[in-house]
Amino acid sequence: MKQYGYFDDDVREFVITDPATPWPWINYLGCEDFFSLVSNTAGGYCFCKDAKFRRILRYRYNGVPMDSGGRYYYIKDGDSVWNPGWKPCKTPLDRYECRHGMGYTRIIGEKDGLRCEVLFFVPKGGRCEVHRVRLTNTGAAVKRVQLWSFVEWCLWNASTDMENFQRNLSTGEVEVGDRILYHKTEYRERRDHYAFFGANRPFDGFDTDRESFLGPYNGFDTPQQVFAGTSGNSVAHGWSPVASHRFDLTLEAGKSEELIFVLGYVENPPEAKFSAPGIINKAPAEELLEAFGTPAKADAAFAALKGYWDGLLGRFQLESAVPELDRTVNIWNQYQCMVTFFMSRSASYFESGIGRGMGFRDSNQDLAGIVHLIPDRARQRILDIAATQFPDGGCYHQYQPLTKRGNHDIGGGFGDDPLWLIFGTVAYIKETGDFSILEEKVPFDNQPGTEKTLLEHLKISFARVADNLGPHGLPLIGRADWNDCLNLNCFSDNPDESFQTTENKTEGSRAESLMIAGLFVAEGKDFAELLSQPAVSADPAYVDEVREAVSRMETAVKQHGWDGEWFLRAYDYYGRKIGSSENAESKIFIESQGWCGMARIGADEGLCDKALDAASKYLECEYGLVLNAPAFSSYIKDYGEISSYPQGYKENGGIFCHNNPWVIIAEAMAGRADDAWRHYCKISPAFAKDQSLRKVEPYVFCQMVAGAEAAHPGEGKNSWLTGTAAWTWKTVSEFILGIKPQYDGLLVEPCIPQHIGSYRVRRRFREAEYDLTIRLTGKGGSFRIPYRPGFQALEIEL
Ligand code: BGC
Ligand code: NOJ
């Protein structure tokens, strides 16, 4: 089986040894408001705050060849021209290695006795990428070599940058210093920000116009200046502004040269935009270059970044007998949760950064992965999300990170959305004990003067679902529920309209969702528990109302949502069953088994066990549990986008990893450790053997892995930005390892196969530090640890 790389757990890196990975294997840089995507061949782009509106580098999506555009270093050594990351020239290297670590990527290329090592990172406290480039002459003779840098600027709005050429090709503007090249398109008018690419020493030549650097009709692999050993010293006017420095270097045998490049973003106050008419105020760019522009300063910034990640990941560390599990828990799952929290579903190699902002339901779920790491950021996120809610509890489905204003670009009126605010808030308070967030005043739709407390928002969220029930007393689905593609009120026969935004046909609709029903019961119970905490002092009559609504829903599910062997999925517009043995296709769906199972609806009557058995029997395949089976074989107008996908992909029979954890948690709640563990291992990348088949990064969870009915079962897609990250974290930390944050402490309640034996978890919890050794003796049960600040080492037998 061909391998392209391996895990180096001691340094928390994944090491890629062959640049021609089946798909670009990327990493993310940045943990504040400047973010970069960087592939194993240095492809990708960066942006400040908002991938759509503040895009700094241009990227060619779905390009040919794949992964075109990035930060490229070119080396000319005699007649040979190469890049340390192999691309774009693809000159064969004597050695190549890419190490993706926590917030940094290091690429090493070596050829003909010359080694080029580039470390990319985004420092804490700096809106920039730092590139530390070290060239080493490993041979015995002196070498005269040339080095070019190269980036291509995006004209800020990543959407119009790709379409409005009648304007764009006239607007490009730059300025040139002796070390720094500036990109200032549109700065003359309403923008007060510019970008720059600087080096820590004066260059020997430069280019800022793409055509001059590449030559007309050339690609990134054949830049004419590089092959000629020159620079055009071009100043871009319109067309396509780029930035390239050239350095002519002499390297003694065995000696290294180190250059630091800083690719940054600057915002100036309106009154200090210019230093002279039409000339940008460059002082902040010079300061940023100065801040990181020596090897010692770059090293110090890099050490600080490493310290930050060590500190974060140190908050939850596992030692077990299963290295794949330790690797997932200690490194990559937590890391993916952070990235997903920052990006929501906006920018990846599957999400263009243009189409989607921060999702209401997505971002709430993402909180579950990071509340234990960055609780302050979680708090702010909850308040930002709540501020996009409508007074009637409805929600914008997403908001733009730059403005924090909601929009309907990807639809609205999803029946499940409001409940996720309860989910996110409960996760935050259980972790932090910070009940004060409930008292924060939050507006509706960001309108000043409409503020109510967050607790009121939660009540309105709950009521929104409780008061919108269909004929069976089950929640109305609205545009869709968690499954964006189950569009029961859409009825589109026009290929030119989007399933997500086409006007919903809700009048007379009887479409109801069992997924929302399960979510409502689970979150309703959580909400009632929250309201009953002494710190909340809620009106007991209201708490009773919540409990009664939950209990009515349980009854409705048992009466109208049970198909005999599993939970139904939905009732359609006309009140017909979906996900029933009576249906010709898609007789069973995963979401309702997961959510009704987690809500423990009918557990005493054996419904949960039966539903979980059915999930294993009908949905499980070698790579995980598929979403529905058998998948739809043709388009069904009454169901919408779900049936638009070929069988085995995405929401139509794909292994939608996001929802597997729901079943796994339900298995754990039912005490079925072996089933939970088996399902968990199947979707966890660390256990996947075949890197070629899986195709995408071996270190992160996918949103979707092709299911049993697909042409290539096991092929992964949509890596990185997925609710799978937070949900697998919740699953493994709280339900498999069993460390559950509670309002008053930790509850240790593992559900893990006996053969794994004992394990040790070191966990930060508020102001406490726990060192827990858990021995599985077979007796089972749980152990409560009341919260007390300070260090505590405990040996627990269960
Ligand atoms: C995808 C869903 C996604 C939705 C976003 C659909 O095409 O299949 O997974 O949630 O788009 O709007
Ligand atoms: C991806 C979306 O981001 C998420 O909100 C949705 O729940 C799933 N797809 C399922 O459709």
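As the structure lists them, so they are numbered: ligands from 1, and atoms in each ligand from 1. As a basis for the values below, the full set of heavy atoms in this structure was taken, side chains included, without hydrogen atoms, waters or symmetry mates.
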Under-4.0 Å salt bridge between [X] and [Y]:
| X | Y | value |
| --- | --- | --- |
| D416 | R361 | yes |
| D638 | R576 | yes |
| D50 | R54 | no |
| K587 | E565 | no |
| R479 | D417 | no |
| E620 | R678 | yes |

For residues Y61 and R55, report the shortest heavy-atom separation together with the two atoms involved.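 Where Y61 meets R55 most closely, the heavy atoms are OH-NH1, 2.6 Å.
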Students should find this: residues with any non-hydrogen atom under 4.0 Å from ligand 2. What is the answer?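 The 4.0 Å shell around ligand 2 contains R345, R356, R361, D362, W482, N483, D484, E651, F656, Q703.
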Around ligand 1, what residues show up once you keep those with a heavy atom under 4.0 Å from it? R356, D484, C485, Q500, E641, Y645, K650, E651, F656, Q703
Going by side-chain contact (heavy atoms from CB on, under 4.5 Å), F656 matches just one of N483, I683, L627, T722. Which one? L627
Suppose we call two aromatic rings close when their centres sit under 6.0 Å apart. Are F701 and W729 close by that rule?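 No.
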